[in-house]
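One structure below.
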Amino acid sequence: MDITAQVAAERALKESEEKFRNITNLIPQMVWSINVDGTEDYFNARWHAYTGLSQIRLAGEGWRSLIHPDDLPAVLAAWKRSFADNTPFECEHRLVHHADGYRWVLNRALPCRDGGGRVTHWMGTLTDIHDQKAGEQALRAASARKDEFLAMLAHELRTPDRSQVGLGLGLALVKSLVQLHGGRVEAYSAGLGKGSTFSVTLDVLDSGTPADAGPGVPAAAALGRAAAGGRRVLIVDDNVDAAESLAEILGAFGHRVTTASTPHGGLAIAAENDWPDVFILDIGLPEIDGYELVRRLRALPPARPALFVALSGYGQAHDKVLSLSAGFDQHFVKPVDLGALVAAIDGAAR
């Protein structure tokens with residue numbers, strides 16, 4: 001009998017199997033195959049190198065002993081669902097590693113069918129994701145610590161800043177506030193249980209001319225110039241406290257300041273009263289943001305030349321470009337530099 005075709009087919013099958021084994025041994029994943037009854041059919045060389053176990057130890061259903069006992073029920077349940085529906089299998093679990101105990105792996109498999117469409121076995125891969133899982137856990141832990149810190153921070157800021165514990169934020173705030181007024185603060189203690197002394201030193205005024213209040217606040221000369229030619233200023237900010245505080249400061253420099261807490265209120269004031277010399281507009285306003293508000297103000301019938309100043313919590317380059325393109329003359333970042341702001345208003349007055 002001429003068996004040339006049969007021999008060629010057997011040789012082709014053998015070459016195909018050898019090629020398959022070479023490929024599965026080269027890829028970084030562990031490759032496995034089991035029969036429909038759940039018994040081992042094939043494990044590549046990387047599987048044995050990873051687990052440190054021989055082919056004999058993995059015979060039959062020995063692979064189950066390599067999965068972490070706490071993860072095995074979930075793996076078997078997922079496998080049962082996939083086996084019943086002939087759908088792809090996917091599960092994360094811990095697998096024995098020859099050096100590190102257990103490591104997390106991603107286990108995926110697909111059903112393989114014969115020419116008649118009947119599932120004969122399952123082919124799958126395992127990918128080591130232990131470092132990725134550890135990174136995710138570290139991020140979650142860091143996020144939890146951050147949330148805990150922010151919660152404690154908020155509590156310390158709102159609650160009288162207790163006798164035994166604290167973040168020290170009170171002293172930091174006091175130091176900043178005192179330095180803004182040109183003063184200094186000192187703390188002294190002779191030791192544990194001997195109490196503490198806190199000294200705040202501020203310069204007093206010996207005349208009607210205010211002293212230099214330190215960096216960020218205009219000197220007496222700037223105050224004198226502004227007071228001599230106070231300007232009409234309109235502040236539009238939905239933060240009422242911030243608007244009124246800024247208005248009081250600018251009023252102390254001799255300017256006539258009006259505030260509005262809504263953009264529509266600002267439009268009404270600008271249309272009804274004397275046209276302001278300076279508009280200070282918050283960007284994050286409700287209903288109409290500062291960009292749209294400055295456009296509408298510039299389009300009002302009584303509009304005359306004025307200084308339009310943007311206030312924003314964002315100070316990146318593109319934020320300043322947006323302000324200028326919308327119609328603002330200058331862009332200030334919160335908390336506003338009072339010295340620079342008063343200098344800008346003084347420049348507009350000149």
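Just so we're clear, the structure is a prediction, and the values are computed from it rather than from any experiment.
Across all non-hydrogen atoms, the minimal contact from Pro88 to Ser82 is O-OG, 3.2 Å. Across all non-hydrogen atoms, the minimal contact from Ala260 to Ile269 is CB-CD1, 3.9 Å. Closest approach of Gly266 to Val236, counting heavy atoms only: CA-CG2, 4.0 Å.
Looking only at distances, a side-chain donor or acceptor of His255 sits under 3.5 Å from a matching main-chain atom of Arg231. Between the side chain of Asp277 and the backbone N or O of Arg232 there is at least one donor-acceptor pair closer than 3.5 Å. Looking at Trp47, its side chain never comes within 3.5 Å of a backbone N or O of Met30 through a donor-acceptor pair. A distance-only check finds no donor-acceptor pair linking the side chain of Arg118 to the backbone of Arg113 [under 3.5 Å]. The closest donor-acceptor contact from the side chain of Asn44 to the backbone of Gln29 lies under 3.5 Å.
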Can you check side-chain contact (heavy atoms from CB on, under 4.5 Å) on Ile280 and Leu311, steps first, answer last?
-> CA-CA 7 Å; Ile280 302 177; Leu311 279 183; 3.5 Å; yes

Go through the steps to decide whether His93 and Asn107 satisfy the test side chain to side chain donor-acceptor pair (under 3.5 Å), and finish with yes or no.
-> CA-CA 8 Å; His93 62 83; Asn107 199 343; 3.2 Å; yes

Trace of the side-chain contact (heavy atoms from CB on, under 4.5 Å) decision for Lys133 with Arg103 = CA-CA 10 Å; Lys133 293 282 288 189; Arg103 290 181 64 88; over 6 Å; no

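Within 6.0 Å of atom CZ in Arg108, 12 or fewer heavy atoms from other residues, nucleotides or ligands are found, so the atom counts as exposed in its surroundings. Shown here is Lys175, whose NZ atom has no more than 12 heavy atoms of other residues, nucleotides or ligands within 6.0 Å. For NZ of Lys334, the number of neighbouring non-hydrogen atoms (other residues, nucleotides, ligands) closer than 6.0 Å is greater than 12.
Side chains of Leu281 and Ile235 form no contact here, defined as non-hydrogen atoms less than 4.5 Å apart. Side-chain contact between Gln179 and Arg184 is absent, with no heavy-atom pair separated by less than 4.5 Å. Taking the side chain as every heavy atom from C-beta outward, Asp329 and Leu324 never approach each other to under 4.5 Å. Proximity of Val294 to Arg298: side-chain heavy atoms (C-beta onward) are separated by under 4.5 Å at one or more points. With contacts defined as side-chain heavy-atom distances shorter than 4.5 Å, the pair Leu250/Ile345 qualifies. Between Thr201 and Val185, the closest side-chain pair of non-hydrogen atoms is not below 4.5 Å. Phe328 is not listed as a side-chain neighbour of Leu307, based on a closest heavy-atom distance of 4.5 Å or more. Residues Arg64 and Leu76 are in side-chain contact: their nearest non-hydrogen atoms beyond the backbone lie under 4.5 Å apart.
A parallel orientation is assigned to the rings of Phe279 and Phe308, their planes being inclined by less than 30° (bins at 30° and 60°).
Residues Leu202 and Val174 share a hydrophobic cluster, clusters being chains of Ile/Leu/Val/Met/Phe/Trp/Tyr side chains in contact below 4.5 Å.
For Tyr50 and His97, the distance between ring centers is under 6.0 angstrom. The distance between the ring centers of Trp122 and Trp79 falls below 6.0 angstrom.
Note that CG of Asp237 is 6.5 Å distant from CG of Leu285, once rounded to the nearest 0.5 Å. The CG atom of Asp71 sits 7.5 Å away from atom SG of Cys91, with the distance rounded to the nearest 0.5 Å.
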